[in-house]
Each structure stands twice: as structure tokens, then as C-alpha cells.
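Remarks on the structure that follows.
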Amino acid sequence: MRSVTLCAPGELRVDTVPVPEPSEGELLIRVQAATTCGTDLKAWRRGHPQIPMPGPLGHEYSGDVVAVGPNSRFAVGDAVMGVHSAPCGHCRWCQADQPNLCESIMETKVLGAYAEYLLVPARIAAVNVYPKPADLSYAQAALLEPLACVAQGIIEIQRILGEQTGTVLVIGPGAIGLMFGAMLKQAGWDVTVAGRNPARLQIGTEMGLSCVPLSELDACDGFDVVIECTGQVEVWEKSIDYARRGGLLMLFGGPPGGTRASFNTHRLHYDQITLLSPFHFGPPAVRKAYEALTQGLDLSPLISGERTLDQAAETFTDLESGRGMKYVFTP
Ligand SMILES: [Zn+2]
Ligand SMILES: [Zn+2]
């Protein structure tokens with residue numbers, strides 16, 4: 001089968017490798033859609049601690065089951081959508097209801113969705129793969145993984161606010177920011193998305209979100225919840241200004257390793273701002289994302305176009321140049 005390998009920064013190659021065979025609990029999926037992701041772009045640009053190089057690339061997928069190992073929950077012919085990681089269920093973090101922080105969630109993840117076939121390990125197939133409804137496109141189904149990251153953020157907000165809603169400001173109209181906007185709007189929040197990139201704000205507008213340039217945002221508005229989705233330290237530091245007294249600030253975008261951020265201590269303490277900064281996702285977040293997608297959350301404006309595996313190199317060059325938000329490979 002053909003599979004995209006990230007050889008070195010900026011260097012992608014399409015290799016021919018054997019089609020894997022599923023063993024106990026595993027699934028072999030004929031990939032129908034695999035979407036590009038900011039993490040893949042970071043890895044392509046300069047390598048990524050979580051993505052071995054040289055190694056296979058791609059972790060957002062949907063497709064059809066073509067072979068199963070013994071004791072599989074799925075059958076040949078099932079259309080499925082899944083994520084690329086799952087917690088162990090018994091480590092300290094799993095026991096503490098923080099499966100997103102499971103000590104082995106990262107080492108056991110699967111990469112290689114930019115390929116004709118993907119072997120899904122038993123641990124993932126057991127909890128984090130779902131049947132794809134016929135009326136949901138493969139491309140949108142592949143967005144289960146990034147949407148699960150967003151759903152984890154919303155779960156963390158709900159741990160504090162319960163089912164309460166209010167005003168929320170999302171800073172950074174990339175795919176993750178717009179998914180936050182769409183999912184929170186679906187849940188009844190009054191959503192504003194702010195950013196610098198007019199083309200991306202325009203996509204947000206197409207999704208029915210209220211979008212404004214960051215420069216036009218009035219810091220006095222005081223949002224109940226502010227969600228930072230740029231991963232830039234200066235935005236981390238600035239974003240607290242937009243939270244109301246007693247409000248909640250979620251720092252969602254991960255800045256580069258070794259960076260530091262500082263905050264006005266007066267705001268943090270006397271204005272009692274709650275800070276959250278969730279990482280990755282656990283099975284409840286995957287389920288929440290699945291329910292949102294199957295209940296009609298339309299994320300199609302996020303997809304910039306379809307590509308073949310042979311176009312992998314030009315696809316990442318396009319993303320690097322700011323052309324397009326998310327492409328879908330149809331291997
Ligand atoms: Zn991703
Ligand atoms: Zn664990």
C-alpha cells in the first residue's frame with residue numbers, strides 16, 4: 001500500500017509498504033478521508049516531540065473496515081471514524097478520572113492515516129472508534145479527533161460551570177478556534193470569535209459565528225469565558241484582559257517548549273479569574289465530539305479541498321503559506 005512518510009523537516013515521500021494484518025482486537029481500515037492538522041504542520045516544519053521522524057504521518061481519519069482481528073467490536077464493511085489514542089484505564093491518571101493525561105496515551109498512539117490502509121490498535125479500537133452514520137461525510141467524520149480536543153476543553157469548562165452558558169470569546173480563528181465556536185454555539189453559548197486573519201474570520205462567518213478583528217475587540221466587554229487558541233505567548237498574556245471579573249480563561253493553544261508567560265497578578269487574584277489549560281482528550285470527550293458530529297454540527301467550511309497522497313508535499317507547502325485551513329486526503 002502507499003503511505004506518506006515524513007523523512008525530515010519539509011520532506012515528505014510516498015512509500016510502498018506492506019498492508020498490515022490485524023491481530024486480536026485490531027481493525028484494518030481502508031482510509032477514505034484523512035485530514036491535515038496543525039500538529040502535522042508543526043512536525044513538517046521543524047519536527048515534533050510526539051511525531052517520530054522518519055515516520056508515517058496523519059492521525060485524523062475515517063474509512064471502512066476491511067479486516068478484523070479476533071474479538072473485534074466491528075465487522076468487515078463497517079464505515080467507521082476514530083481517533084489515534086486511548087488511555088490504559090488503570091494508571092494513576094486514569095483512576096483519577098483524567099484519562100486525557102494517561103501515562104501511556106502518547107506512546108501508544110497510532111500515526112499513518114495518510115495511507116491507503118490504517119491498522120487501529122486494539123486499545124484504541126475498544127473505546128475510541130465509532131460507527132460512521134451514512135449521512136455524515138467521510139471528510140467530516142475524520143474531524144472527530146480535533147473535535148475531541150475541543151470537547152475535552154468544553155468538559156473542563158463544564159466541570160466548573162455545569163450546564164450554565166453565557167458569553168464566550170474565542171481568540172484565534174484557526175480550525176480549533178472555529179470548532180470551539182461551532183460546538184459552544186450548538187450548546188447555547190453567545191459566541192464571539194476574534195483574530196487577525198480575515199480569510200479565516202470569513203470562514204467563521206460562513207459557519208454562522210459572530211467574527212471580529214482582534215483589534216476591534218473592546219477589552220471592557222468582559223466575557224464570561226475566554227478561550228485562547230493561537231498558542232502564541234503574547235496572546236496567552238493578553239487574553240486575560242478579555243475575561244470578566246470572576247470569569248474563566250482557557251489557554252488552549254500550546255506554545256513552543258521552553259516559553260514562559262506572565263499575568264497581572266491583581267487580575268488573577270482580586271478579579272478571581274479561573275485559569276484552565278487542558279491537554280489532549282479522553283474517551284468522554286471523543287463521545288461528546290461524536291454526538292456533536294452525528295447531531296448535525298456542520299464543520300464542512302473548515303475543509304479547504306481534497307488532495308491525493310501524491311499531493312502531500314504541495315499540500316503542506318500550501319498550509320505553510322497560509323493557503324487553506326484543512327485539506328482532506330482521499331487515499
Ligand atoms: Zn489533529
Ligand atoms: Zn492510564
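One is the number of the first residue; the rest follow in order along the sequence. Every number for a ligand or one of its atoms is a count from 1 in the order of the listing.
- Comment: R92 does not engage E103 in a salt bridge, judged by the lack of any side-chain N to carboxylate O separation of less than 4.0 angstrom.
- Taking backbone and side chain together, D40 holds no N, O or S atom under 2.8 Å from the Zn ion (ligand 1).
- By the rule that hydrophobic residues join a cluster once side-chain heavy atoms approach within less than 4.5 Å of another member, I240 and V168 end up as members of separate clusters.
- As for E60, its N/O/S atom nearest the Zn ion (ligand 1) is the one called OE2.
- Between H84 and H59, the ring-plane angle classifies as tilted under the 30° and 60° cut-offs.
- Atom CD of Q186 has more than 12 neighbouring heavy atoms from other residues, nucleotides or ligands inside a 6.0 Å radius.
- The distance from the Zn ion (ligand 2) to the nearest N/O/S atom of H90 is not under 2.8 Å.
- The angle that C88 SG and C91 SG make at the Zn ion (ligand 2), rounded to 10°, works out to 110°.
- Rounded to 10°, the angle formed at the Zn ion (ligand 1) by NE2 of H59 and OE1 of E145 is 100°.
- Between the SG atom of C94 and the SG atom of C102, the angle taken at the Zn ion (ligand 2) works out to 110° after rounding to 10°.
- In this structure, CD in E116 is found 9.0 Å from OG in S3, a value given to the nearest 0.5 Å.
- The existence of a salt bridge linking E291 and K288 is excluded, since no basic side-chain nitrogen approaches an acidic carboxylate oxygen closer than 4.0 Å.
- Among the backbone and side-chain atoms of C37, an N/O/S atom is found under 2.8 Å from the Zn ion (ligand 1).
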